[in-house]
S.K.: 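Sharing a structure here in structure tokens format.
We use all heavy atoms of the structure for the numbers below, so side chains are in, but hydrogens, waters and symmetry mates are not.
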Amino acid sequence: MVGWNADTAAGPLGSGTVTLVEGSSFCISSSNGDIHPELPHGVFHLDTRILSRWELTINGQVMEPLAAEIREPYRALFAGRVPRSDGYADSPLLVERLREVGAGIFEEITVRNYSKHPVECRILLTAESDFADLFEVKEARITREWKETRVPEGDSLVIRGKWEGIRKGVVIRAEGAGAGARALGFTAKIPSSGRWSTRVSVVPAGDGAGAPFAHPSGGEMSPSDRRRQEWVAKIPRLQVGNRSIQRTLSRSYEDLGALRIQDPDHPDRVVVAAGAPWFMTLFGRDSLWASEMALPVDPSLALGTLRTLADRQGTVVDIASEEEPGKILHEVRLDISSGLALGGKSAYYGSVDATPLFVIVLGSVSRWGFAKDVISELLPNADRALDWIRDYGDRDGDGFVEYGRPNQHGLINQGWKDSWDGINFADGTIAEPPLALCEVQAYVHGAYMARAWMAYDDGDLTLAAELRERADRLKKKFNEEFWLPDKGYYAVALDKDKRPVDACASNMGHCLWFGLVDEDKAPLVVERLMSPEMFSGWGVRTLATDMGAYNPASYHNGSVWPHDNALIVAGLLRYGFVEEAQRIATALLDAAESSGGRLPELFCGFPREQFREPVPYPTACSPQAWAATTPIQLITGLMRYDAHISLGGLWLDPVLPASFGDLHISNAPMGSGRITIDIDGSSAQVEGLPEGMTLHRAQRPWITELVERAELRRAEP
């Protein structure tokens, strides 16, 4: 069995594909709104395709697309016309399809007659449901054959499926339709300059019984609109002088809101799904990174993600699922798809970095002063995660965390570059596991520091000192064994024989953020990251152009990933490389402008002077959680905006480029309150700080100085 990012991946969706997403439901269709089963199209709910064919014909003609406009991440308006059978170019019949995704889809179809005579129309909606698993659709390997029954009744068609005792159902209703076994039909006589319309819903029905329309009537808001309104009310409101950046941030907010899903076992918890179309579920690494980058916008995402991952933290050794005590999972799949997921269970644990990232995000939530009771509740989980690093992550006791799959069906590479060929030497030779990735050592270093912060806050100076000592030892050993003095950069990994994997890759940029890079080596690392071989003009490539495996249109060997660049920008700012950070941030925001304000999961690594816009990667997820939170991370990073509530400090030292304009933020969460921030150039004003907090108009000092302050404070009589 192969899994995502092994040696196969999703096939092309087709030209002009439109993807709508809302929570754990999404819809993929062609540009005229039709859904074709021979392509990876469909309406998906809880990882099951509940609608595999959805074709609108009028007088036997398929709608010719004119426009497809996404209004919100969950709603789109399709416009088209009915081709004439007499060969004339213009058609008097125009069609509008307003579609919304929720628990299924709701669609309002309108046909307008612009001729001088009434037109009789036979309107058909052909529907099929194969109840295929998401993995089957993505990889074009549908193997299950469901025993199907179809029951037309009045204006409804109920399709039921049964497979090995599992039952599925979908109910299709259309106002005024006559339902047949294969389609719902209408006969309409549309007057001159008149219109005809109907409302259609497609919703899952687990028990095979009827289901109500999924959309209110009249002027009421839909459930998706209400959910969006609640989200908008609790997140910060932004005004940016640069209108393009304003649009990009607004789009990021919209996409992040649509990617929120609920923990089925705890509906009150909201977590971040990894991305549409194929990853609308909880991913350890992806959800944690997105939560971390979105923390200044909505801390509830981090809290929900942490608690949900903690509930599923590993407890036993299971070779098939790669579960180990204390380990944080890689992905969760719902319903019957769990049997097709990597490891053959609902949860798969083949990730080497989710476990230290869990501790890092918990530490960030703690520093920002959110939900102290939840932090206390999750500290044992953080300590079990650190135990996993020591007992299982460091497989050979050399002080580094490695990975190597224990089976033949899991992911070959288990860091964020998890494609089968994602880690290679400078000559292009693929590195053999067990592999110790450079950025994973940085995350472990960050986990030690984050837990040290929490220990200091709790007054446990002994534990804090022990963790700082672990971090210091790791940093020293890392700089001794990963640094390549003849090349002036860090190895991307150590291979099974402890040889440095000498490809020049973007991974080392993550080491800057977590302070793992020695000060004297940082300028050389930055010089390499910003070289023409690495910086495409749109962002830092995953692999330098002078490496043997470089391919600008590959997934991990020369492409540009927005989230990867956002982490690099944060690291550059930590080490004081402001101009370089501004250059990357500006390039990424330019790239977002070229795609309507939305950054995709990745784009190709062709140089900017070759193409005027970033070249899309064919199967990139969009919207995608990392990419949606990248503009947020870029702006807050350039604000140099951070907090440590227990030490009473908010740090703000903006270095936003002049082209960004002024920045006004209101309703920003801070501790138990909300603050307002105004930035004009390098000056900043803050209103509404919680009692006892102080604004520091400088970049936040890192752990050493903070700890020294804490020790001095505790030493005071």
Side-chain angles (χ1 to χ4, degrees), residues 284 288-289 291-296 299-311 313 326-328 353-391 393 401 442-475 513-516 570 574 642-651 669-672 690 692-693 700-715:
L288 285 165
W289 268 132
S291 298
E292 170 76 16
M293 294 196 286
L295 191 62
S300 72
L301 301 177
L303 290 165
T305 298
L306 288 166
R307 297 180 79 180
T308 302
L309 290 172
D311 285 349
Q313 189 172 22
K327 197 175 187 182
I328 298 299
D353 47 14
T355 306
L357 287 173
F358 176 90
V359 184
I360 287 169
V361 176
L362 185 66
S364 295
V365 175
S366 175
R367 284 190 296 105
W368 281 77
F370 301 127
K372 290 183 179 180
D373 55 333
V374 178
I375 302 302
S376 298
E377 168 194 327
L378 295 179
L379 275 179
N381 300 94
D383 290 336
R384 286 198 290 275
L386 294 180
D387 289 343
W388 175 85
I389 289 171
R390 179 193 63 210
D391 298 336
V401 170
Y443 304 161
V444 172
H445 183 270
Y448 290 152
M449 291 304 215
R451 186 64 183 92
W453 281 330
M454 292 183 280
Y456 274 104
D457 287 347
D458 287 342
D460 191 343
L461 303 186
T462 301
L463 176 59
E466 177 190 332
L467 290 164
R468 282 184 64 190
E469 184 180 347
R470 281 196 221 173
D472 290 344
R473 286 200 305 268
L474 175 59
K475 181 173 181 176
W513 189 5
F514 292 102
L516 196 61
R574 175 169 183 159
D642 211 339
H644 199 301
I645 297 293
S646 67
L647 297 182
L650 166 64
W651 282 264
M670 178 60 62
S672 58
M693 283 199 67
R700 180 174 69 84
W702 294 85
I703 183 66
T704 302
E705 186 176 338
L706 288 174
V707 164
E708 288 171 353
R709 291 184 185 184
E711 289 173 335
L712 288 172
R713 180 177 297 179
R714 291 190 176 96

S.K.: Please report the interatomic distance CG(Leu362) to CE(Met454), rounded to the nearest 0.5 Å.
M.R.: 4.5 Å
S.K.: Restricting to non-hydrogen atoms, name the atom on Ala452 and the atom on Arg468 that form the minimum distance, rounded to 0.1 Å.
M.R.: CB-CG, 4.2 Å
S.K.: Show the numbers, then the answer: is there a side chain to side chain contact (heavy atoms under 4.5 Å, CB included) between Asp458 and Leu379?
M.R.: CA-CA 11 Å; Asp458 287 342; Leu379 275 179; 3.5 Å; yes
S.K.: Restricting to non-hydrogen atoms, name the atom on Ala450 and the atom on Gly363 that form the minimum distance, rounded to 0.1 Å.
M.R.: CB-CA, 4.1 Å
S.K.: Would you please name every residue forming a ring pair (Phe, Tyr, Trp, His ring centres under 6.0 Å) with Phe514, sequence neighbours left out?
M.R.: Tyr443
S.K.: Output all residues satisfying salt bridge (Lys or Arg N to Asp or Glu O under 4.0 Å) with Asp387, sequence neighbours left out; order by chain, then residue number.
M.R.: Arg390
S.K.: For Asp383, give me all partners under side chain to side chain donor-acceptor pair (under 3.5 Å), at least two apart in sequence or on another chain.
M.R.: Arg451
S.K.: Using the test side chain to side chain donor-acceptor pair (under 3.5 Å), find all partners of Ser366 that sit at least two apart in sequence or belong to another chain.
M.R.: none
S.K.: Looking only at heavy atoms, what is the nearest atom pair of Pro299 and Pro669, with distance?
M.R.: CD-CG, 3.8 Å
S.K.: Do Glu469 and Tyr448 touch side chain to side chain, with heavy atoms closer than 4.5 Å?
M.R.: no
S.K.: Under 4.5 Å between any side-chain heavy atoms of Gln313 and Ile328, yes or no?
M.R.: yes
S.K.: Tell me, do Leu386 and Leu467 make a side-chain contact under 4.5 Å, heavy atoms counted?
M.R.: yes
S.K.: Return the OG to CZ distance between Ser364 and Phe370, rounded to the nearest 0.5 Å.
M.R.: 10.5 Å
S.K.: Counting C-beta onward and ignoring hydrogens, is there a side-chain heavy-atom pair between Leu288 and Leu306 closer than 4.5 Å?
M.R.: yes
S.K.: Rounded to the nearest 0.5 Å, what separates atom NZ in Lys372 from atom OG in Ser672?
M.R.: 8.5 Å
S.K.: Check salt bridge (Lys or Arg N to Asp or Glu O under 4.0 Å) between Arg307 and all other residues, then give those that pass, not counting sequence neighbours.
M.R.: Glu377
S.K.: Evaluate side chain to side chain contact (heavy atoms under 4.5 Å, CB included) for Asp642 paired with Arg367, printing each intermediate quantity in order.
M.R.: CA-CA 9 Å; Asp642 211 339; Arg367 284 190 296 105; 2.8 Å; yes
S.K.: Measure the spacing between OG1 of Thr355 and CZ of Arg384 and express it to the nearest 0.5 Å.
M.R.: 12.0 Å
S.K.: What are the two closest heavy atoms between Gly284 and Leu309, and how far apart are they?
M.R.: CA-CD2, 4.1 Å
S.K.: For the residue pair Ser291 and Leu301, what are the closest heavy atoms and their distance?
M.R.: OG-O, 3.5 Å
S.K.: Can you see which heavy atom on Ile360 is nearest to which on Ala447, and at what distance?
M.R.: CG1-N, 3.6 Å
S.K.: Using salt bridge (Lys or Arg N to Asp or Glu O under 4.0 Å) as the criterion, list what pairs up with Asp311, not counting sequence neighbours.
M.R.: Arg269
S.K.: Scan Arg470, Lys475, Arg473 and name whichever one has a side-chain contact (heavy atoms from CB on, under 4.5 Å) with His445.
M.R.: Lys475
S.K.: Heavy atoms, side chains only, cut-off 4.5 Å: are Thr305 and Val361 in contact?
M.R.: no
